[in-house]
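As structure tokens, the structure follows; a few thoughts come after it.
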Amino acid sequence: MSGGAKLKQEGSTKPEMRAWQRMLSGRRLDLLDPSPLDIEIEDIAQGLSRVARWNGQTTGEHAYSVAQHSLLVEEIFGRLFPQVTASQRLIALLHDAPEYVIGDMISPFKAVVGGDYKVVELRLQQAIHLRFSLAPTVKQDLRAQIKRADAVAAYYEATLLAGFLTSEATEFFGRPRGIDPQGLDLTPLPTQNAQTRFLSRFATLDEERSKG
């Protein structure tokens, strides 16, 4: 029997497909019914630092990871909206956290498969937020602010790393305003460096909100 498959019931020969993933922490995360108790920030950092943005079609010696993208979005978010709280910045840092389980599906592929993946993504996001004492549902205005920061990050990643023409990036992500790319670090990092930076930033924001 293939790994993870089990008999659906005694006497049955039809296997039930495995819907959970074993993490290096030892946790077993159920994708269909994720529990906050099975989520660890170390697993998130591990996964995101090894998931490549743009399907790996970026320049540089190393892949540009979702962990780096998350750090970039959180930085841009803080620059665009300097009044935001540490908790809100933490939400921005974790905006793509479900991808440590489901990977980073590029927009064209999402358009092909349809919206079913969003159900799984939303369950994971809510469980992640609950695990770290964040609101399970992000308010519309905050979601729009993070989406704006995400679009700015995507524009610069597309033009500086992924070979997009300026006209193409503007069409898909809009032209960024108020953020100078010269102050942003988009150099793809080795996996371990990206993982360490992500964990460090999480710890800093978590400590800041505990003081606030």
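Counting heavy atoms from C-beta outward, E99 and S70 have side chains that stay 4.5 Å or more apart. Side-chain contact between V66 and Y100 is absent, with no heavy atoms from C-beta onward closer than 4.5 Å. In this structure the side chain of V138 reaches within 4.5 angstrom of the side chain of H129, judged on heavy atoms. Using a 4.5 Å heavy-atom cutoff, the side chains of I39 and M23 are not in contact. Side chains of S87 and L134 form a contact here, defined as non-hydrogen atoms less than 4.5 Å apart.
Nearest heavy-atom pair, L130 versus P36, reported as atom, atom and distance to 0.1 Å: CB-CG, 3.8 Å. In this structure, P34 and L29 approach most closely via the heavy-atom pair CB-CD1, 3.9 Å. Scanning both residues, S65 and L48, for their nearest heavy atoms gives CB-O, 3.5 Å. Across A92 and V73, no two heavy atoms sit closer than the pair O-CG1, 4.4 Å. Heavy-atom minimum distance, I128 versus P98: CD1-N, 3.8 Å. The nearest pair of heavy atoms linking L71 to A194 is CD1-O, 4.5 Å.
Remark: R79 pairs with E75 by the salt bridge (charged side-chain N to carboxylate O under 4.0 Å, His left out) rule, at least two apart or across chains. Taking the side chain to side chain donor-acceptor pair (under 3.5 Å) definition, one finds that D43 meets it with S25, sequence neighbours left out. Applying the salt bridge (charged side-chain N to carboxylate O under 4.0 Å, His left out) rule to R27 yields the partners E40; only residues at least two apart in sequence or on another chain are considered. In this structure D141 satisfies the salt bridge (charged side-chain N to carboxylate O under 4.0 Å, His left out) test with no other residue, sequence neighbours excluded. Residues forming a salt bridge (charged side-chain N to carboxylate O under 4.0 Å, His left out) with R201 (at least two apart in sequence, or on another chain): E74. Under the side chain to side chain donor-acceptor pair (under 3.5 Å) criterion, R22 pairs with no residue, sequence neighbours left out. With sequence neighbours left out, D30 forms a side chain to side chain donor-acceptor pair (under 3.5 Å) with no residue at all. With sequence neighbours left out, F132 forms a ring-ring contact (aromatic ring centres under 6.0 Å, His included) with F202.
Pairs passing the salt bridge (charged side-chain N to carboxylate O under 4.0 Å, His left out) check and including a residue from residues 143-161, sequence neighbours excluded, read R53-E157. Judged as a side chain to side chain donor-acceptor pair (under 3.5 Å), the pairs with a partner in residues 176-185 (not counting sequence neighbours) are, in order, D185-T187. Pairs passing the ring pair (Phe, Tyr, Trp, His ring centres under 6.0 Å) check and including a residue from residues 57-91, sequence neighbours excluded, read H69-H95, F77-F81.
The CG atom of L94 sits 6.0 Å away from the CD1 atom of I44 when rounded to the nearest 0.5 Å. From T204, atom OG1 reaches atom CG of L199 across 10.5 Å, with rounding to the nearest 0.5 Å. Between T85 atom OG1 and L142 atom CG the span is 8.0 Å, to the nearest 0.5 Å. One finds the CD atom of Q126 at 11.0 Å from the CD atom of E121 (value rounded to the nearest 0.5 Å). Note that CD of Q46 and CD1 of I41 are 12.0 Å apart. Values are rounded to the nearest 0.5 Å. One finds the CD atom of Q195 at 12.0 Å from the CG atom of L189 (value rounded to the nearest 0.5 Å).
At a cut-off of 3.5 Å, with distance as the only test, no side-chain donor of R197 or Q68 sits close to an acceptor on the other residue.
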Which pairs would a plain distance check flag for residues 164-172, meaning a side-chain donor or acceptor within less than 3.5 Å of a matching protein atom at least two apart in sequence or in another chain?
residue	atom	partner	partner atom	Å
E168	OE1	L165	N	2.9
T170	OG1	T166	O	2.8

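Under a 3.5 Å cut-off, the side chain of Y156 and the backbone N or O of L184 do not form any donor-acceptor pair. Using modelled atom types, no side-chain atom of R50 and backbone atom of T191 make a donor-acceptor pair closer than 3.5 Å. Between the side chain of S49 and the main chain of A45, a donor-acceptor pair closer than 3.5 Å is present.
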